[in-house]
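Encoded as structure tokens, the structure appears first; notes follow it.
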There are 2 protein chains.
Amino acid sequence: MLTDRQLFILQIIIDDFIRSAQPVGSRNLAKKEDVSYSPATIRNEMADLEEMGFLEKTHTSSGRVPSEKGYRYYVDHLLAPGSLARSEKTAIHSIFTDRQHGIEKAVQNVATILSELTSYTSIVLGPKFNDHKVKNLQIIPIDDDTAVAIIVTDTGHVENRLFSLPEGIEAADIEKMVNILNDRLTGLPLSELQRKIYQETAELMKRHIQNYEAVLKMFADAAGGPELGKLFIGGKTNIFNQPEFRDIEKVRLVMDMMEKESDIYELVRPTEAGIQVKIGTENAEQAMEDCSLITASYSVGDEPVGTIAILGPKRMEYSRVITLVDFLSHDMTNVLTRLYNTRL
Amino acid sequence: MLTDRQLFILQIIIDDFIRSAQPVGSRNLAKKEDVSYSPATIRNEMADLEEMGFLEKTHTSSGRVPSEKGYRYYVDHLLAPGSLARSEKTAIHSIFTDRQHGIEKAVQNVATILSELTSYTSIVLGPKFNDHKVKNLQIIPIDDDTAVAIIVTDTGHVENRLFSLPEGIEAADIEKMVNILNDRLTGLPLSELQRKIYQETAELMKRHIQNYEAVLKMFADAAGGPELGKLFIGGKTNIFNQPEFRDIEKVRLVMDMMEKESDIYELVRPTEAGIQVKIGTENAEQAMEDCSLITASYSVGDEPVGTIAILGPKRMEYSRVITLVDFLSHDMTNVLTRLYNTRL
DNA sequence: ATTTAGCACTCGGGTATAAAGAGTGCTAAC
DNA sequence: GTTAGCACTCTTTATACCCGAGTGCTAAAT
């Protein structure tokens, strides 16, 4: 449906626009060394490409600019697979060498480095802990009517929550409870914890502890943690560098969205595995109209547990970013899988 | 040094400029009902005020704009003490009624509500936990060479850190250690924890546990927590509403700063008690040139533990914000002091 | 049947000019 | 001491103008 020459011209136009942010005209295009057609020929092809919806004009006599459909086609069919510089690879690997600070810090670093490497905004959805298994449970009484529930997972992650103690509960009873809980629940994945608390321990507790129900209920409530991981965003202000965001209203739209965690979750919520590219209005979010989002999930074993994403202008360096995000997501998958399996 | 009339005029000019963001001219000023001088008189006074450095012109024949010195004088001498609307007071009190979610959530709410109430940007430096006392210590081994250190304070705050276990340590030894640690360190303020760990427990451990030193060292390292509380920022994008920040470069400067935690810490690091107003270049930070910052510390008992702050344009509603910040900081002090004391 | 050269036309951006509006400073009168 | 009057300044807005980059179309060249 598109001739080779049309493909070639479309590609050059988009490549050029991505670099320059300027509408590209037939004259300048013809001047490039690897282009051997006359401006007039190019104009004709451009007119056809526009008619088919791949290009647009900003006004009647301006050069051409890729349309959303144009970008889509470019991403789906024309992308030259890029490769990473050695320095980029080492930068990425270095994130995970220092393991001592725990997963959170590492994920934070991923966000920072991604945004620095791309000079776009990075979003990293930290791993969810549903699959991680309970290593240890504690109930630490704070005063007469409050206690802290602590859950340690086999990955070294610690969840804690305050909860109310019913009146008249005894320290000895709490100790007994903790023993029973640990005995029965250690090794369970967090996702099943809440469901199994009653099932596994109620019977036993009934026998040994009076008034156990109220405590157990509070503890079970506290155990119902967040389903998703934490969000990290790097390079929030990088959008200011983009010439098409000289307009303060546009910047504001994007900035406002970035402050609203729920919107960002919606954007990067893991859906399918692999790399996804959402261009402009392909994103549900209104504020993303002039932006594109490239997401990749990373996994532990075969289970996707989080997402890394790059948010940039529609005029994004798709090739570079896709290569980078792909590489990094695999790297994260490897590291996390190894980390997790050694602790099984 | 300033006549009453000059004070009066200065005040009206600043009030007006804060409202309108427009340079104010003699003609318009004279039209106000409570002004009974002719434009010419006002012009003379304005010229004097300018000569003294309280006012500035944006160009030779523009109206006057307050200088930094003008704002300073206004804040120090001319501020009409404002009062809060009932709705504002209830909004503030409501932050602390729901205590179940712990201090972090409450502080987060403070930031959000502050920014909504003022439509400026709010910064809240969460309480530091130095004074909070150790309630319970745990060491949970994760695998052969890693463990999590957990510190629970009497306020229900939980600190946790991953650390390396030396080789060949036994589970039984760890249990003994935890017992000794709890026995000796419970009740100590966090700030002294690290220092006292050796002092209080080394002797005892030497007697019962072999190879205790390596573990103790790691644990002591992990206990050295952050000195300051967490930062919360609300309404980051509110600056976009200010007409003097139509300029994308100015916005960027401020936004960049807000992404840099260390800069913000520097800005709101608690210094003296009470309310402080820093206008424009009175702030060390370059990016604050066109902004003002109003800070107030809040305390537990007599000890300041954190800061709340409002960051806005130099043309800020000083009166309103000061009243609000003052009220809120006292409210927080009361709530936290009560909370803390019941748990002593 | 393509491809290309040539040309008329369009539009945005930059510059010059003019007029309007808001404001000042100064002088002289009140 | 206060104020009216006036000349002057500077910004803003509007208008006209030209230039450059680009297009679309037609006709010639390949």
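Naming convention: chains lettered A, B, ... in sequence-line order (proteins, then strands); numbering from 1 in each chain.
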Notebook entry, point to check: For Ile42(B) and dT3(D), what is the distance between atoms CD1 and C1' respectively, to the nearest whole Å?
Noted result: 11 Å
Item checked: Residue met sooner reading DNA chain D from 5', once Ser38(B) and Val24(A) are mapped to nucleotides -> Ser38(B)
Checklist line | Ser87(B) versus Thr90(B), side-chain donor and acceptor atoms under 3.5 Å | finding: no
Notebook entry, point to check: dT2(D) phosphate, OP1 or OP2: any side-chain N/O from Arg5(B) under 4.0 angstrom?
Noted result: yes
Notebook entry, point to check: Contact class for Thr41(A) (heavy atom, under 4.0 Å): base, sugar-phosphate, or nothing?
Noted result: base
Note to self: Reading DNA chain C in the 5' to 3' direction, which nucleotide is the first one with an atom under 4.0 Å from a heavy atom of chain A, and which is the last?
What the structure shows: dT3(C) to dG12(C)
Check: Between Gln6(B) (CD) and dG1(D) (C1'), how many Å, whole number?
Finding: 14 Å
Next item on the list: Quick one: label Asn28(A) by what it contacts on the DNA or RNA (base, sugar-phosphate, nothing), any heavy atom closer than 4.0 Å.
Entry: sugar-phosphate
Note to self: If only side-chain N and O atoms count, and only distance matters, is there a donor-acceptor pair under 3.5 Å linking Ser119(B) with Asn238(B)?
What the structure shows: no
Item checked: Separation of dG22(D) C1' from Leu55(A) CG (nearest whole Å) -> 14 Å
Check: Taking CD from Glu45(B) and P from dT3(D), how many angstroms apart are they, rounded to a whole number?
Finding: 11 Å
Note to self: Could you tell me how far apart Lys57(A) (NZ) and dG22(D) (P) are, to the nearest whole angstrom?
What the structure shows: 13 Å
Margin query: Using the salt bridge (charged side-chain N to carboxylate O under 4.0 Å, His left out) definition, which of the options Glu50(B), Glu51(B), Glu45(B) pairs with Arg64(B)?
Written below: Glu50(B)
Check: Any chance the side chains of Glu259(B) and Thr237(A) put a donor and an acceptor closer than 3.5 Å?
Finding: no
Item checked: Given Tyr73(B), Tyr74(B), Tyr71(B), the one that forms ring pair (Phe, Tyr, Trp, His ring centres under 6.0 Å) with Phe54(B) -> Tyr73(B)
Notebook entry, point to check: Is the shortest side-chain N to carboxylate O distance from Asp247(B) to Arg252(B) below 4.0 Å?
Noted result: no
